[in-house]
There are 2 protein chains.
Amino acid sequence: MADIARLANVSKPTVSRALSNNPLVNEKTRNRVLSVAAEHGYAVNRNAQKLRHKRTNTIAVSMDFRSHRQNRISDPFMFELLAGVSEALGDHNQDLLLCAPNHNDASAFRQILTERGADGFIILGQGHREKMLADCAAAGTPLVVWGAAAPDANYCVVGSDNFLGGQLAGEHFIRQGRRRFLFVGDTSFREIHERRQGLKHVINNSDQAIVFDDVELQSFRYESAHDAAVRYLDVNETIPDAVFTWSDTAAMAFISAFRDAGAHAPDDVSFVGYNDIPEARYFYPPLTTIRQDTYQAGRMLAAKLLRIIDGESPKSATIRTELIVRST
Amino acid sequence: MADIARLANVSKPTVSRALSNNPLVNEKTRNRVLSVAAEHGYAVNRNAQKLRHKRTNTIAVSMDFRSHRQNRISDPFMFELLAGVSEALGDHNQDLLLCAPNHNDASAFRQILTERGADGFIILGQGHREKMLADCAAAGTPLVVWGAAAPDANYCVVGSDNFLGGQLAGEHFIRQGRRRFLFVGDTSFREIHERRQGLKHVINNSDQAIVFDDVELQSFRYESAHDAAVRYLDVNETIPDAVFTWSDTAAMAFISAFRDAGAHAPDDVSFVGYNDIPEARYFYPPLTTIRQDTYQAGRMLAAKLLRIIDGESPKSATIRTELIVRST
DNA sequence: CCCAGTTATGAAATGCATTTCAAGAAATGC
DNA sequence: GCATTTCTTGAAATGCATTTCATAACTGGG
């Protein structure tokens, strides 16, 4: 910057002001500085800038690749979430620092902030870290979370309406005349638990006698979904006629296992998946599913975090959640 | 840091050295400093560090979310690539800056480097930017690229063996006794073009009379794959009995359209997809596909870039590519 | 007991941009 | 024509950690 200053016959502060469009600097001077800078391909050093400012204009996004990849919950839905976040941050000139935290303790998160590497956090998938996140938030770490909000959450959560998702699935089953419901998912995750609650709500409010059962998946591995289906069919005598799974991929695994056992969708069994992945539409039979507007959610997460960093306290929000009826 | 120095009764340089495990500092002193730092939750300011060092220990990863999301080529495969990159960078203590470049000109890329925001680039999907990337590389920008290498590429490319992928598909079709091949994909992408070349190679070296046709997809939109299939079947009288598509999702769309037209897989038509997404296995019928070890590729990309930054010139590499035979 | 050689530590300079504060120049008011 | 604003601009301080260079303390050899 000193060089540019010399070449443009001004001082460093003037260059700095010219480059940041500070109105204090005379227009003619600004243009001269700008042209000299462009000519010499000069760009301000962002690290020096970040060091000087209080803001780093960088947002850390925490994504648990390890469990996602190993368990292959690789519905495009995580990807869309990230895309929404990325674009919204780009629009606000924020850098996106992608973190795959190894530690699940609050201090690891806080450290990124104390290192001044970022101004705040977007947590994609709270998993079982609610307690830790609550600690972080209580300690003043600016953060927003994708997922389902605990009733007493002290941080901002953006998620779909999981209870409604469960309801929609249940009502769909009722309309199809189904009476033997099966819920598939790991309810230790709040999102999944709420979907199950929504489904049960429909059952409880129905005047029909409905049988309900669970397949409590310990992990999200998609192989395990198929295994679980096979095992379930092996052990149980009555075959359910309505299966609501935590993801489209799991639904496909169940449909496949049920078919092998002689129970065909949609004649013998109805299935509702979650996320409306592209393949759901071309699956055979085309899969009924719950769609969440994840891209919008990503944008919303970014917007809310920026407001939090600016000192506001935006409220948690719920994104659109709808049933896509196909053939199952 | 000055505060810690005062509290530990030493000077700033000593604190700095103690924190960076510099052997110059006495062990007792180091421990004292470390404990004081830990006690007060002190962490070095990374921006100041980056400013001082030549290295930023940050790698920019360029991912074209816009086209990926809009076109929904959201096979988990991009995600796995990113996961591999993220983990490998984490292992080497590198930060990952995620960029969604709006501009396709070399200067936009270079600017991130001149701003000292990153030490180098990982480009996930070169698309139609080969020329620009060649300019970047020629200008000395450290970069590695996921994709297919041009014969005269002046930069390091990691990709699967697309020619082999095409060959494997072709040989599979021959083994099934198929004679009317259809290739589906946008060959303006080098990766896709090479797969087609591999397929044609099999045809040319076969002693059978094989018919070959193309569906040249203008875009990767998965809806368009289904539309293209419908249109193709509408216009053409003879129905192919072997279809090789650029992705599993596209294969599923084609299978669906073919089924509607009365051509059933695998009896009437064979299909080979690409990527081996989780759903391929539970699709009906289970989809034969080409698997690329994308996670490994991600790790390799990261490792090679770090070597380039260190002044070496690693060669382009090809990752494992294999045929997964299921029912189609 | 003195000199050379280690070892440990600190003062000051450095990297780069921004901000405060002061001052010079120009414009306005009376 | 002089006082007062209003614009512009620059010198110096600042943010934080690292590196160089110098100095102090200590060790061992003769």
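Reminder, nothing fancy here: chain letters follow the sequence lines and each chain counts from 1. What's counted below: heavy atoms across the whole structure, side chains too, no hydrogens, waters or symmetry copies.
- Put simply, A/Gln49 has a side-chain N or O that comes within less than 4.0 Å of OP1 or OP2 on C/dT18.
- Looking at residues 23-35 of chain B, you'll see B/Leu24, B/Val25, B/Asn26, B/Thr29 sit with a heavy atom under 4.0 Å from some atom of DNA chain C.
- D/dT18 atom P lies 13 Å from atom CD1 of B/Ile4, rounded to whole Å.
- Per the geometry, CZ belonging to A/Arg17 stands 15 Å off P belonging to D/dC7, to the nearest Å.
- Residue contacts shown for A/Val15 are absent, as no nucleic acid heavy atom lies under 4.0 Å away.
- The backbone N or O of A/Ser16 sits less than 3.5 Å from a side-chain atom of A/Ser20, completing a donor-acceptor pair.
- Although no hydrogens or angles enter the test, the distance criterion places a donor-acceptor pair under 3.5 Å between the side chain of B/Gln94 and the main chain of B/His92.
- For the residue pair A/Ala8 and A/Val36, the shortest heavy atom distance occurs at CB-CG2, 4.0 Å.
- Counting heavy atoms from C-beta on, the side chains of A/Leu124 and A/Leu301 come closer than 4.5 Å.
- A salt bridge does not link A/Asp310 to A/Arg307: none of the charged side-chain nitrogens sits closer than 4.0 Å to a carboxylate oxygen.
- Whole-Å rounding puts the B/Leu19 CG to D/dT19 C1' distance at 16 Å.
- The distance from atom CE of B/Met1 to atom P of D/dA17 is 5 Å, rounded to the nearest whole Å.
- Of the residues near DNA chain C, A/Ser16 and B/Ser11, the one whose nearest nucleotide (by heavy atom distance) lies more toward the 5' end is B/Ser11.
- For the pair B/Tyr42 and D/dA17, the criterion of a side-chain N or O lying under 4.0 Å from OP1 or OP2 is met.
- Nearest heavy-atom pair, B/Asp119 versus B/Asn57, reported as atom, atom and distance to 0.1 Å: OD2-N, 2.8 Å.
- In plain terms, the two heavy atoms of B/Ile308 and B/Pro314 that are nearest each other are CG1-CD, 3.5 Å.
- Legend: salt bridge (Lys or Arg N to Asp or Glu O under 4.0 Å) pairs involving residues 137-151 of chain A, not counting sequence neighbours: none detected.
- Annotation: the terminal axes of the helix from C/dC1-D/dG30 to C/dC30-D/dG1 meet at 40°, where each axis is the rotation carrying the C1' atoms of four end pairs onto the next four (5 pairs per end, rounded to 10°).
- Rounded to whole Å, atom P of D/dG15 lies 18 Å from atom CZ of B/Arg52.
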- Dump the intermediate steps for side-chain contact (heavy atoms from CB on, under 4.5 Å) on B/Glu130 and B/Tyr155, then the final yes or no. CA-CA 10 Å; B/Glu130 286 188 16; B/Tyr155 48 85; 3.8 Å; yes
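- Rounded to an integer number of Å, the gap from CG of B/Asn21 to P of D/dT18 is 12 Å.
- The separation between B/Lys12 atom NZ and D/dT14 atom P is 12 Å, rounded to whole Å.
- Between the CG atom of A/Leu51 and the P atom of D/dA17 there is a distance of 8 Å, given to the nearest Å.
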